2 protein chains.
Amino acid sequence: MSDLLERLRGRGWRMTAQRRVVAEVLDGDHVHLTADEVHARAVSRLPEISRATVYNTLGEMVSLGEVLEVSTDRRAKRYDPNAHRPHHHLVCARCGAIRDVHPAGNPLADLPADERYGFTVSDVEVTYRGICPTCAATA
Amino acid sequence: MSDLLERLRGRGWRMTAQRRVVAEVLDGDHVHLTADEVHARAVSRLPEISRATVYNTLGEMVSLGEVLEVSTDRRAKRYDPNAHRPHHHLVCARCGAIRDVHPAGNPLADLPADERYGFTVSDVEVTYRGICPTCAATA
DNA sequence: TCCTACAATGGACAATGTCTAAGTCAAGCG
DNA sequence: CGCTTGACTTAGACATTGTCCATTGTAGGA
């Protein structure tokens, strides 16, 4: 049984077949799926699930802090079930493949006070870009 | 006369009224405009300019490396004429305001070899998020 | 089992960006 | 200066991603 599903259940979520399927798809393999990819996989298990429900469910999981939204390009948002280990992302500029990475150092500390313009800075997001080995081989 | 315009001219660009207007709008004040905002401002100087031309022109300036594309949210891409000074961005989570910032340190060096998964990493993009003073005041 | 509030549905709508076919024009050339 | 030509512009259709809403369905408690 899925950890993600367990955590959601423990928060008093009303459990429905749709929500179960979305959680299972997300938790299944730790790739970073788009909402439409989640929908496609969910449909194969529960054919009548609607697109709106998938969007709603993903949005709720993000609000609950159980799933992270990742936007590495200007295309679709991606959903990352690995919300409880802070991490950043490494993206292939050619094929869009994404890996979680854990850089050393704390970029938040690297932003001096005189570069904060009075903002209350609470979060930082780091995206590394490059070419993955597969794309490099077929260059 | 605009620096940006000068640089573009020096690259053998065919100079048209439309391209001139787009370059002037971008270079005018160093905010980070969306494509549609650029279009709106361009229209006020050259009423018959089309949306497609603005998109095309911005895309060409990005390809030439004279302008940077910035995607800080899921909404529109923004265009940053400050392409020749490397920098990162600080974004207000509430109103979307963007400031250029220059953090200390080099995040590229913070990614150890065993976290690179064979990628050739060439670039890193850092987005700080927080609340700007204006939004904090009206909270 | 029945109720009721919460969830799901599907289809319209919105925002952003891309493409295409046809017309227009900048700039080099004679 | 006036052609010629191919690059540029245009308008609008189309694509993608995401949101909204009114209606229908259902989980879970009494």
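Lettering follows sequence order; numbering is per chain, from 1. Keep in mind it's a predicted model, so treat the numbers as computed, not measured.
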Hey, does A/Leu58 have a side-chain heavy atom less than 4.5 Å from the side chain of A/Lys77? no
Do the side chains of [X] and [Y] join up, straight or via other hydrophobic residues, at under 4.5 Å, putting them in one cluster?
| X | Y | answer |
| --- | --- | --- |
| B/Val70 | B/Val62 | no |
| A/Val121 | B/Ile98 | no |
| B/Leu33 | B/Val67 | yes |

Which of A/Arg7, A/Arg9, A/Arg19 passes salt bridge (Lys or Arg N to Asp or Glu O under 4.0 Å) with A/Glu66? It is A/Arg7
Proximity to the side chain of A/Arg19 - top-ranked nucleotide from D/dT9, C/dA7, C/dT16: C/dA7
If you check the A/Asn56 side chain, which of C/dT16, D/dT9, C/dT9 turns out closest? C/dT9
Counting only side-chain N and O atoms of B/Tyr55, is one of them less than 4.0 Å from OP1 or OP2 of C/dG17? yes
Return no unless some side-chain N or O of A/Gln18 is found under 4.0 Å from OP1 or OP2 of C/dT9. yes
Got a list of side-chain donor-acceptor pairs under 3.5 Å for residues 99-106 of chain A, not counting sequence neighbours?
residue: A/Asp100; atom: OD1; partner: A/His32; partner atom: NE2; Å: 2.8
residue: A/Asp100; atom: OD1; partner: A/His89; partner atom: NE2; Å: 3.1
residue: A/Asp100; atom: OD2; partner: A/Asn82; partner atom: ND2; Å: 3.3
residue: A/Asp100; atom: OD2; partner: A/His87; partner atom: NE2; Å: 3.4
residue: A/Asn106; atom: OD1; partner: A/Leu108; partner atom: N; Å: 3.0

Separation of [X] atom [atom1] from [N] atom [atom2], in whole Å?
| X | N | atom1 | atom2 | result |
| --- | --- | --- | --- | --- |
| A/Glu37 | D/dT16 | CD | P | 14 Å |
| B/Arg20 | C/dA27 | CZ | C1' | 13 Å |
| B/Lys77 | D/dT16 | NZ | P | 15 Å |
| B/Arg75 | C/dG17 | CZ | C1' | 13 Å |
| A/Leu58 | D/dT19 | CG | P | 10 Å |

N/O to N/O distances under 3.5 Å, protein versus nucleotides 11-15 of chain D:
none

Worked verdict on B/Glu125 versus A/Glu125 for side chain to side chain contact (heavy atoms under 4.5 Å, CB included): CA-CA 8 Å; B/Glu125 199 179 283; A/Glu125 199 179 284; over 6 Å; no
Kindly indicate, with the supporting measurements, whether the criterion side chain to side chain contact (heavy atoms under 4.5 Å, CB included) is fulfilled by B/Met61 and B/Leu26. CA-CA 11 Å; B/Met61 293 194 294; B/Leu26 254 197; 3.6 Å; yes
Using a cut-off of 6.0 Å, state whether more than 12 heavy atoms not belonging to A/Arg85 lie near its atom CZ. no
Between B/Arg78 and A/Leu46, which residue's closest nucleotide on DNA chain C lies nearer the 5′ terminus? A/Leu46
5′-ward residue of the pair B/Tyr79/A/Thr57 relative to DNA chain C: A/Thr57
Under 3.5 Å between N/O atoms: give me all the protein pairs with nucleotides 26-28 of chain D, atom names plus distance.
residue: D/dT26; atom: O2; partner: A/Arg14; partner atom: NH2; Å: 2.8
residue: D/dA27; atom: O4'; partner: A/Arg14; partner atom: NE; Å: 3.3
residue: D/dA27; atom: O3'; partner: A/Met15; partner atom: O; Å: 3.4
residue: D/dG28; atom: OP1; partner: A/Met15; partner atom: N; Å: 3.1

